Amino acid sequence: MVLQSSGLSKVKDSLTQKIFLGNEPNAELIAILTVYFVQGILGLSRLAVSFFLKDELLLSPVQVSALLGIVFLPWMIKPVFGFISDGLPIFGYRRRPYLILSGILGTASWASLATIVHTSWAATLAIALGSLSVAMSDVIVDSLVVERARGESQAKAGSLQSLCWGASAIGGLITAYFSGLLLQYFTTRTVFGITALFPLIVSGVAWLITEFPVSKDSQDSNQTNSLPIKHQLGQLRQAITQKRIWLPTAFIFIWQATPNADSAFFYFATNELHFEPEFLGRVHLVTSFASLAGVWIFQRFLKNIPFRVIFAWSTVLSSILGMTMLLLVTHANRRLGIDDHWFSLGDSLILSVMGKIAFMQVMVLAARLCPSGVEATLFALLMSVFNSAGTVSHAFGALITYWLGITATNFESLWLLVVITNLSTLLPLPFINWLPAAEEETETSKDGEQAFLPDLMSELVLREPESEKNSF
């Protein structure tokens, strides 16, 4: 019996180290990983949305870029969700009810796209509702991760972030290929209907979150609801007024706000290169594998590398490698004997790996910054800066696309868009000194608040990070 118990203990320790990267597995951790996993699974509808906007609503590349900027709004106001979650508990709970609500909203949004949406405005509203659902659940699980990561070493915090984003990458990996394959046999609305089932999983696992009521004393409920809000505001104001916080945050904004050519490339891939949905699903499968590889590379080799070094090298290499898209746009790859399909797969793979590595640094740094009591609010604020920059990136991309006269059928100036977008990624490099030069150990101040670790911050697509600017 003792031997059997010892054997089980060894198996558990092995799983803890190899599968959970040293994090003790429990019901709450499983719930957190499931939410991230569902976020990855929702990529099933990614291609369906693109084809729905292009072929059924007949929107142009510029219109699609503008629409994406609008539906990204919930990710820009994530601090609002964090503030509500931290300061306005539902029935005394700050996390669980909001996860349940987010799942219901997600199902409602995808169900509406599958049934009643027939105009661009209705589509914008429905997609924005789905974005709201994911943003809300993201705030909640991010706060739970922050609570676990606070006070840990950079390596330990990096392991937890690697585990969480690895779960998201696996979810994306499972559905990546099917996102295109299903469109070969079913309509976009059918895919939306299937996607509508997944957010309900979030509502289900919310019950696994270990949480105690904020106040068990009903007679003091009014006081216990008002004091945390004042405390949050004070802590939040104290944090964001520090130069060592907002200066690196400004760098990350500049780094992420450079224009992208996502929408124009999707139209080029489908209308000019005639890529089928099934092949685009393969591309997403490759990028999902690459994202998972990026998480592993970060966890194995890079989690202790200074932030400044990671950002500098990833920026330069991404810009150089991004220029290879000129070969595809000008069809020079054909003269070199490289098929369009193989060229696209290879390019997407490399850029996705680099994008995920840079994004992991963003998440680790932001997670270790947050003080107790405002985990969701401050973390969401930092991420909203990152996401707001993504909206600016889409807006700049749409504007340049319009100026260059690129349409659903005219791609003569697409090469120039490639040059502009890739060179613009180098613009933040003169400000690289705004980031920390090397790791600094986290210190705790006398009042119990966490001091700033290496000068801060850095998100993606959704969410995808957004260094995957040239992926289809």
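Here the structure is a predicted model, which means the values were calculated and not measured.
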Nearest-0.5 Å distance, OH of residue Y98 to CD1 of residue I209: 15.0 Å

Starting from the C-alpha separation in whole Å, work towards a yes-or-no answer on side-chain contact (heavy atoms from CB on, under 4.5 Å) for F72 and H394. CA-CA 10 Å; F72 211 52; H394 278 292; 5.5 Å; no

Smallest heavy-atom separation, G103 atom then S133 atom, equals N-OG, 4.4 Å

Check: S109 side chain, L129 main-chain N or O, donor-acceptor pair, under 3.5 Å: no

Compare all side-chain heavy atoms of F386 with those of W255 and state whether any distance is below 4.5 angstrom. yes

Contact check, side chains of T188 and D55, non-hydrogen atoms, under 4.5 Å: no

Side-chain donor/acceptor pairs under 3.5 Å, residues 119-128, sequence neighbours excluded:
{"unit_1": "T119", "atom_1": "OG1", "unit_2": "A122", "atom_2": "N", "d": "3.2"}
{"unit_1": "T124", "atom_1": "OG1", "unit_2": "S120", "atom_2": "O", "d": "2.8"}

Sorted by chain and number, sequence neighbours left out, salt bridge (charged side-chain N to carboxylate O under 4.0 Å, His left out) with R334 holds for D340

Could you give me the CA-CA distance, side-chain angles and deciding distance for V392 and F253, then say whether side-chain contact (heavy atoms from CB on, under 4.5 Å) is met? CA-CA 9 Å; V392 174; F253 181 88; 3.9 Å; yes

For S319 and N422, indicate whether the former's side chain and the latter's backbone hold a donor-acceptor pair under 3.5 Å. yes

Does the side chain of R189 come within less than 4.5 Å of E56's, by heavy atoms? yes

Least distance between heavy atoms, S393 atom then N260 atom: OG-ND2, 2.9 Å

Donor-acceptor contact below 3.5 Å, side chain T195 vs main chain L42: no

Is a side-chain N or O of T175 found less than 3.5 angstrom from the main chain of F178, in a donor-acceptor match? no

So, T391 versus S388: side-chain donor-acceptor pair below 3.5 Å or not? no

Looking only at non-hydrogen atoms, find the nearest pair between T330 and R335 and report the distance. O-NH1, 4.0 Å

Between the CG atom in L183 and the CD atom in E276, the distance rounded to the nearest 0.5 Å is 10.5 Å

Would a 4.5 Å heavy-atom cut-off, applied to side chains only, mark L144 and V35 as touching? no

Would you say that F396 contacts T258 through its side chain, given a criterion of any heavy-atom pair below 4.5 Å between the two side chains? no

When rounded to the nearest 0.5 angstrom, what distance separates OG in S179 from CD1 in I194? 11.5 Å

Could you walk me through whether K54 and N271 pass the side-chain contact (heavy atoms from CB on, under 4.5 Å) test, one step at a time? CA-CA 10 Å; K54 181 176 79 78; N271 292 352; 3.1 Å; yes

Would you say the rings of F51 and F266 are close, in the sense that their centroids are separated by under 6.0 Å? yes

Is atom CZ of F301 surrounded by more than 12 heavy atoms (other residues, nucleotides or ligands) closer than 6.0 Å? yes

Could you tell me whether a side-chain N or O of S60 sits under 3.5 Å from a main-chain N or O of Q63, the two making a donor and an acceptor? yes

Other residues, nucleotides and ligands only: do more than 12 of their heavy atoms fall within 6.0 Å of CZ on F289? no

To check you understand the geometry: which heavy-atom pair defines the closest contact between S45 and W110, and what is its length? OG-CH2, 3.0 Å

Say you draw a straight line from OG1 of T425 to CG of L429; how long is it, rounded to the nearest 0.5 Å? 7.5 Å

For F268 and V329, the nearest pair of non-hydrogen atoms, with its separation, is CZ-CA, 3.8 Å

Does the side chain of F52 come within less than 4.5 Å of V117's, by heavy atoms? yes

Does a side-chain heavy-atom distance below 4.5 Å link Y267 with T407? no

Using the side-chain contact (heavy atoms from CB on, under 4.5 Å) rule, take S102 and V202 through it: C-alpha gap first, then chi angles, then the decisive distance, then the call. CA-CA 8 Å; S102 69; V202 174; 3.8 Å; yes

Can you give me the closest heavy-atom contact between N333 and L327, atom names plus distance? OD1-O, 3.0 Å

Point-to-point distance, once rounded to the nearest 0.5 Å, from OG of S318 to CE of M323: 12.0 Å

When rounded to the nearest 0.5 angstrom, what is the spacing between CD1 in I174 and CG in L285? 11.0 Å

Can you check whether I400 reaches L417 side chain to side chain, under 4.5 Å on heavy atoms? yes

